[in-house]
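Naming: A, B, ... by sequence-line order, numbering from 1 per chain.
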Amino acid sequence: MNEKYVPGEIEPRWQKVWADSGAFHSEVDRTKPEYYVLEMFPYPSGALHMGHVRNYSIGDVVARFQKMRGYNVLHPMGWDAFGMPAENAAIKNKVHPADWTWSNIRNMRRQQQELGLSYDWDREVATCHPEYYRWTQWLFLLFFERGLAYKKKAAVNWCEECNTVLANEQVIDGNCWRCNSVVVKKELEQWFLKITDYADRLLKDMDLLGGWPERVRTMQENWIGRSEGAEFSFDVPELGEKIPVYTTRQDTSFGVTYVVLAPEHPLVEKLIAGKPEEVAVRAFVEKVRKLSEINRTATDVEKEGMFTGTYAVNPFNGEKVPIWVANYVLYEYGTGAVMGVPAHDERDWAFATKYGLDKRLVVQTPSEPMTIATMTGAYGGTGVLVNSGRFDGLENEIAKAKMADWLEEQKNGHRRVTYRLRDWLISRQRYWGAPIPIIYCEDCGAVAVPKEELPIKLPENVRFDVGAVSPLATVDEFVNCKCPKCGKPARRETDTMDTFICSSWYYFRYTDPRNTKAPWDINACNYWTPVDQYIGGIEHAILHLLYSRFFTKVLKDAGLIDADEPFKNLLTQGMVIKDGSKMSKSKGNIVSPEEIVKKYGADTARLFILFASPPERDLEWSDQGVEGAARFFNRLWRIVHHFAETAQGAPATYDAAELDADAKELRRALHTTIRKVTDDIADRFNFNTAISSVMELVNAMHVYRDAVKTPHPALIKETLEALMRLLAPFAPHITEELWSQTGHSDSVHKQSWPKWDAEALKTDSVEIVVQINGKVREKLIVPSEITGAELEKIALSQERIQALIEGKTVVKVIAVPGKLVNIVIK
RNA sequence: GCGGGCGUGGCGGAAUGGCAGACGCACCAGACUUAGGAUCUGGCGGGGCAACUCGUGGAGGUUCAAGUCCUCUCGCCCGCACCA
């Protein structure tokens, strides 16, 4: 047997054995319960970083643990391989994006394999492979057929740096999610997916996501942003026009003192035509439109507006109110026009105050009546309606419903639900993505490419430095084609799809990755999905996780899957931090996983990462902590070797009742650990405490070693075997090696998860704390099965306790068997 | 502004309402050593010689008993944010 633990020798050897034997390959097996564990597939940027290592280490523990528990585990890995960095590399270094991407994949796959992760490599997918994006295109056509993909001209987000449009979800604080440069608005014709059709279901089905962190659910709820209100119109008699407004506070309609439009509103031109205000308003509109999204919408921006010179009529009371244009009204939300109720809306209050507009109180609090004169701001709370004609005296919540009813009766308006969520802009003016399979024909319009012609492959010889147009537009052989409907010469769509489309369905593809007839076999897919445990970073809380939910619902409607939701349970891992901030190249605080593996081994890297922090929390990297993990393995190695001979040939069973006190104690420690590790992994993913309890077990083995001359062979055998199995999901190599060295011919990873014996957890005696008024005053060792009444008697008879309660009145005694006695005295 | 989360030793972090600080790191002392950055043993929240006492951001409360439950409050992080 080897005297020293040399991970560099052990790890590659076992990795090869596992790969050669197909140890982690899985197939549909209906005799077993299935478990699908998935880590978010990476972008092949070049090399793994510690965040990846953390992500995969967590997933691997879950996968290996569930496998040992008897589940048929699906644990795949792949590549989110389309995207900008490959194209930027092409421009900068004159490498083809495909070459750059595939070489990165090779390198990162090797790094993953060196971590000993239990992936089924037979199921690997890469979104840039034609056999993958063929189905991305097929799915696009499915959306197109179902009326869920459409093209429209709109003011869209444009990143000057990336030379492409962005989805709303990809604009973070007014900046591009990728390159962080300022996003501008451009009027362009683009492809959208109708995610808004699913807004309500995306919201409602949040109930099915009990296994998701509260935080992520709330973020999605906020993003979808549902609000209930009413839409109705103000007449503009002099023009014969109507101005529809959207409000959630129709109960305050009698408090309207002005109406205000977004500068982009198409009615503005008509309203100002021929008025003295015309020139000034037009200049104002131009000024506002030029502002970037962030400058336009920040709450601290001063509210500015102008009177249009025209008036509108409030349908509730027939009153004439001035029509304004203001920078704080968003054209994209609601109807792009708002009723101004200064008394009951903070923004309106500020605006009315600034421009001297009227304020009228219509919701009153009868207990402490307010007046406009004494109010210092808008009142947004509940109350009773006043100054509201026939609605006077109603509770405002009731008035809301009554006034909506009235609008509907008058046919001048209706209830309306509005969402903040916008349709998903998915076309990109870039090369390295899945081409949108649409052909434009002069006669037939936008026509779907016939499915049998998929994939529409990316041409290889393309110039990438063409600026703000899609590189594909410059390739004539690609662009020119025939209309599938009428056969006339036609042009291909030259935009590619947002990479988030590719990643919205990859977890379904894993269930049947080599299917050439369909994106997946329905039966295989339904066997494995939904994903039982998904693991990844919080940065995808909205983007990827919302898009995937949307895709899943559409695919369910199309009959391609049974699941309502893609990911049953979600674990959002924390970041890896060093010196107080996230590891990044620019901060120069990167620790290379490859170097750590080289120096200490994969097991040590994994153990440290799992031990240092619970998975959801940020993890502070510590070189000394890694040393500690390595030290633990050396200690483990030595104690296993110390006992190996004792265990050799020991009987498989023994009579626990015959054990001496030291042996009993070791056995108790062992079974306590089995229970703790099992619960920690299964119930709460607290790998850090699971590992610490294994460390305690190893400490207990040292104590046993020092305490006895002749260790109990069968107990030692039981302990070693359980120890190896408990640690196997965390440290697959060293446990496999020690398992083999202690005379086992099969893999430790094929063993079943150890079970604890409840009988072994029992102790003959327990320590009881005796408190007086909640303060610990004495500790006793008593037989474990002692009752509360007996406990109380013993506690009170203690000399020390006697002395302390001398002369006082014992008010009450609480005795908790196995725990404590609390004596309350006065 | 709205929503979510987090505040515990020098550090990472433990604690079904029941001995606060498990486990590990760092540190200190000792052993073995020519040597140790290997290993082993012991110590390690503050104050106090001790008995004891204070201590989980702060202030109240519930309870025999609170890091844990409730109310208020302070600080930090994250998300959304002129969404009508």
Side-chain angles (χ1 to χ4, degrees), chain A residues 172-173 213-227 229-231 245-250 252 260 262 296-304 326-330 332-341 344-348 350-351 380 418-422 538-539 541-542 577 607-608 611-614 616-629 631-632 634-635 638 676 679 686 688-699 702 706 767-779 811-816 818-825:
Chain A
I172 315 291
D173 293 334
E214 181 70 32
R215 179 154 78 123
V216 178
R217 290 209 309 252
T218 319
M219 280 166 74
Q220 291 210 355
E221 269 169 43
N222 289 344
W223 187 261
I224 296 167
R226 184 181 200 271
S227 71
E231 182 180 325
V245 297
Y246 173 74
T247 180
T248 53
R249 290 300 305 275
Q250 62 270 21
T252 64
V260 56
R296 170 78 192 277
T297 57
T299 34
D300 51 5
V301 169
E302 177 82 3
K303 288 175 187 27
E304 273 189 86
N327 62 348
Y328 74 93
V329 181
L330 304 175
E332 307 88 55
Y333 188 76
T335 61
V338 188
M339 62 185 208
V341 186
H344 303 289
D345 181 280
E346 238 177 89
R347 291 158 304 179
D348 296 348
F351 192 74
T418 304
Y419 300 93
R420 213 186 69 91
L421 181 73
R422 303 293 143 78
I538 187 78
E539 66 272 17
I542 291 170
I577 301 286
L607 190 84
F608 165 70
F611 178 62
S613 201
E616 303 232 350
R617 243 189 270 184
D618 285 350
L619 180 152
E620 174 77 31
W621 183 265
S622 151
D623 291 328
Q624 287 158 333
V626 180
E627 299 267 359
R631 206 144 51 211
F632 168 71
N634 280 307
R635 195 168 149 82
R638 285 193 305 269
K676 171 91 175 134
D679 292 349
N686 277 13
N688 56 331
T689 51
I691 293 166
S692 71
S693 68
V694 174
M695 289 173 169
E696 285 180 85
L697 175 60
V698 170
N699 291 345
H702 277 85
D706 296 343
E767 191 185 59
I768 295 292
V769 170
V770 183
Q771 298 179 329
I772 292 178
N773 289 345
K775 293 200 188 292
V776 181
R777 294 301 176 198
E778 182 66 299
K779 292 178 182 182
V811 181
K812 198 174 182 183
V813 179
I814 287 99
V816 184
K819 285 256 161 63
L820 56 65
V821 178
N822 189 10
I823 301 160
V824 187
I825 59 171

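At whole-Å resolution of the value, NZ in A:K775 and C1' in B:C19 are 12 Å apart.
At the heavy-atom level, A:R215 lies under 4.0 Å from the strands shown only through sugar-phosphate atoms. Counting any heavy atom pair closer than 4.0 Å across all strands shown, A:N634 reaches no nucleic acid atom. Residue contacts for A:P614: at a heavy-atom cut-off of 4.0 Å it reaches the sugar-phosphate backbone alone, with no base atom in range. Across all strands, A:E767 comes closer than 4.0 Å to base atoms (heavy-atom distances). Counting any heavy atom pair closer than 4.0 Å across all strands shown, A:R217 reaches no nucleic acid atom. A:Q771 comes within contact range of at least one nucleobase, with a heavy-atom separation under 4.0 Å. Among the atoms of the strands shown, base atoms are found under 4.0 Å from some heavy atom of A:R422. Contact annotation for A:V824: backbone-only contact, meaning every heavy-atom pair under 4.0 Å involves sugar-phosphate atoms and none involves a base. Heavy atoms of A:N822 sit under 4.0 angstrom from at least one base atom.
For B:C80, its base never sits under 3.5 Å from the side chain of A:N222 at any donor and acceptor pair.
Because its glycosidic torsion is within 90° of 0, B:G9 is reported here as syn.
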